[in-house]
Q: 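Could you have a look at this structure, given as structure tokens, before my questions?
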2 protein chains.
Amino acid sequence: MNPIAIKVACSNCNLRELCMPLGLNQDELDRIDSLVAVRRKIKRGATLFRNGETFTALYAIRTGFFKTSITTEDGRDQVTGFQMAGEIIGLDGIVNDHHTCDAVALEDAEVCEMPFERIEELSREVNALQRHVHKIMSREIVREHGVMLLLGSMRAEERLAAFLLNLVQRLHARGFSALELVLRMTREEIGSYLGLKLETVSRTFSKFVEDGIVEVKQRHIRILDTEALKRIVNQQTQACL
Amino acid sequence: MNPIAIKVACSNCNLRELCMPLGLNQDELDRIDSLVAVRRKIKRGATLFRNGETFTALYAIRTGFFKTSITTEDGRDQVTGFQMAGEIIGLDGIVNDHHTCDAVALEDAEVCEMPFERIEELSREVNALQRHVHKIMSREIVREHGVMLLLGSMRAEERLAAFLLNLVQRLHARGFSALELVLRMTREEIGSYLGLKLETVSRTFSKFVEDGIVEVKQRHIRILDTEALKRIVNQQTQACL
DNA sequence: CGTCGAGTTGAGATCAGTCAATGACGGTGG
DNA sequence: CCACCGTCATTGACTGATCTCAACTCGACG
């Protein structure tokens, strides 16, 4: 136990600039603290919510790493995103009052459960929160546009390069290295997200290693040449010249 | 001119059950009428908004048909959606106060411009509107999950079949035939949306014609066997048996 | 130390892409 | 009214990226 009891509240959560609106006054901060009904711990491999379950709350990830995926009746599986600390999951559930995807922890995780009723109530009163909720949803829409571009028009190398750059960029924003990362997901999960088979993901990693762009030791990745990755993502540009 | 002047208002718009919340009282209805700042006519081929432009409003489509697309610096283009009457576009602009995609009319169109400031203001007061805005954004997120599944794991025939079924279903909900439709977009635009080249789209149409599933006369499509299309979308199921 | 899941690598198959020729339609101007 | 042009669509032949199937390796864990 920590000798100094840290108040468990958004207002002094070190992730607040990631998942909360900025520029709130003390009163507003206090009210937002009340948004979080409970903290919930999720073991690696456990699901936070599942397709079909009733939607009641959004979740802010405090620690850990999640994937969200949809499954068709015929067993096809599509990973729709990987989420890390400070990100919000559950937005898919709003439209029909139940979730349409599964959220699975890829490592032990802790989330803040925020009942959506409370969010709506409070965002009627705190404009910054209202705006914030809108922005979070809009951001997700824009992110998915980017994934559509990736899936619709990029080749395997470009997809993987874009994926790695996106991951390190997000990790970097959270204080981690911009050159090293540990993948929390399998090659198959990466492949599912990127619309590739796991063998293709593996081969593409190997190609990057051959080219001296990254070092790969299992799930530990070290980026040796960020610029090369960026060039790969935009390689079409080169080809057009 | 229509001898009886029809008040131009959401409350008696024949699309209201598509783009407005249900179960409002008269007062709420009146206030929502005030959401629409102006109607705007967009000629075929013209853009409603463009990547980079300042975001100020959402648009409800009254008539016509739009595509939204993103373009990378290197000229790659990805159609992110096709929108028809009753649907809302512009959600991508909320997060950064400017649009991140282009919206182009594929036929002469008319939209209701709803300043986002007004929407936020009013949705603080009218709970049903707040809920409605959230649902619209969530629906878009869920739709994009579906597109990710399509792009990430379906083959050409499955993609086109899913696309056709989706289109007729939406058209049917608007009172059009469930078996006939006129495509407002080129093969290239369909291909961009589905992550295929235009030749593949064309060939796949031809295959469907050969198989007696549809009739194709340029952009005029008649569906002869809806069940076959559904089977194609789920063909994985068959293969798994 | 053996087992199991995850990852790598190879060889061959396949689906979609590329390049190119041709055809259909609609609008324009003589 | 018709010829011409441009855009869109179709089709064929060939190419190539990714998938599939299969063998093998690695590392974690009981």
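Naming: A, B, ... by sequence-line order, numbering from 1 per chain.
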Q: Nearest to the side chain of A:Val216 - C:dG17, C:dA24, C:dT8?
A: C:dT8
Q: Report yes or no: do B:Asp77 and B:Thr71 form a side-chain donor-acceptor pair below 3.5 Å?
A: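 Indeed, the side chains of B:Asp77 and B:Thr71 share at least one donor-acceptor pair under 3.5 Å.
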Q: How about A:Glu107: does its CD atom have over 12 heavy atoms from other parts shown lying under 6.0 Å from it?
A: yes
Q: Between B:His98 and B:Phe55, does the ring centroid distance fall short of 6.0 Å?
A: no
Q: Can you establish whether the number of heavy atoms outside B:Glu110 located under 6.0 Å from its atom CD is more than 12?
A: yes
Q: Decide whether A:Thr100 and A:Asp92 meet the rule of one side-chain donor and one side-chain acceptor closer than 3.5 Å.
A: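 Per modelled atom types, A:Thr100 and A:Asp92 side chains form a pair under 3.5 Å.
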Q: Between the base of C:dG17 and the side chain of A:Arg155, is there a donor and acceptor pair under 3.5 angstrom?
A: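 Side chain to base: no pair below 3.5 Å.
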Q: What integer distance in Å separates A:Leu106:CG from C:dA6:C1'?
A: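 Whole-Å distance recorded here is 14 Å.
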Q: For the pair A:Arg40 and A:Glu113, find out whether any cationic side-chain nitrogen is under 4.0 Å from an anionic carboxylate oxygen.
A: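 Yes, this pair counts.
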Q: Could you list by number each residue of residues 180-198 of chain A showing a heavy-atom separation from DNA chain D of less than 4.0 Å, or answer none if no residue does?
A: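 Contacts with DNA chain D under 4.0 Å: A:Gly195, A:Leu196, A:Lys197.
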Q: Does B:Arg219 reach a base, just sugar-phosphate, or nothing at all? Heavy atoms under 4.0 Å.
A: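 Sugar-phosphate, backbone atoms only, no base.
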Q: For the pair made of CG in A:Leu151 and C1' in C:dA16, what is the distance, rounded to whole Å?
A: 16 Å
Q: Would you tell me whether B:Ser69 and B:Gln78 have side-chain atoms, one donor and one acceptor, within less than 3.5 Å of each other?
A: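 Short answer, no.
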Q: In this structure, are over 12 heavy atoms from other groups packed under 6.0 Å from B:Arg174 atom CZ?
A: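 More than 12 within 6.0 Å, yes.
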Q: Measuring from the side chain of B:Gln218 (C-beta onward, heavy atoms only), which nucleotide among C:dT8, C:dC15, C:dA24 has the closest atom?
A: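 Nucleotide nearest to B:Gln218's side chain: C:dA24.
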Q: In whole Å, I'd like the distance from the CD atom of B:Glu199 to the P atom of C:dA21.
A: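 About 14 Å, once rounded to whole Å.
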Q: May I ask you to evaluate whether A:Ser202 reaches the phosphate of C:dT8, defined as a side-chain N or O under 4.0 Å from OP1 or OP2?
A: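 For A:Ser202, the contact criterion (side-chain N or O under 4.0 Å from OP1 or OP2 of C:dT8) is met.
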Q: Name the first nucleotide and the last nucleotide along DNA chain D (5' to 3') that come under 4.0 Å of a heavy atom in chain B.
A: D:dC8 to D:dA13
Q: Compute whether any side-chain donor of one residue and acceptor of the other, for A:Glu180 and A:His220, lie under 3.5 angstrom apart.
A: yes
Q: Can you tell if the side chain of B:Glu144 reaches within under 4.5 Å of the side chain of A:Thr80, non-hydrogen atoms only?
A: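 The answer is no; the side chains never approach within 4.5 Å.
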Q: Between the opening five pairs and the closing five pairs of the helix from C:dC1-D:dG30 to C:dG30-D:dC1, how far apart are the helix axes, to 10°?
A: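 Rounded to the nearest 10 degrees, the bend comes out at 30°.
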Q: Does the ring centre of B:Phe82 sit less than 6.0 Å away from the ring centre of B:Phe66?
A: no
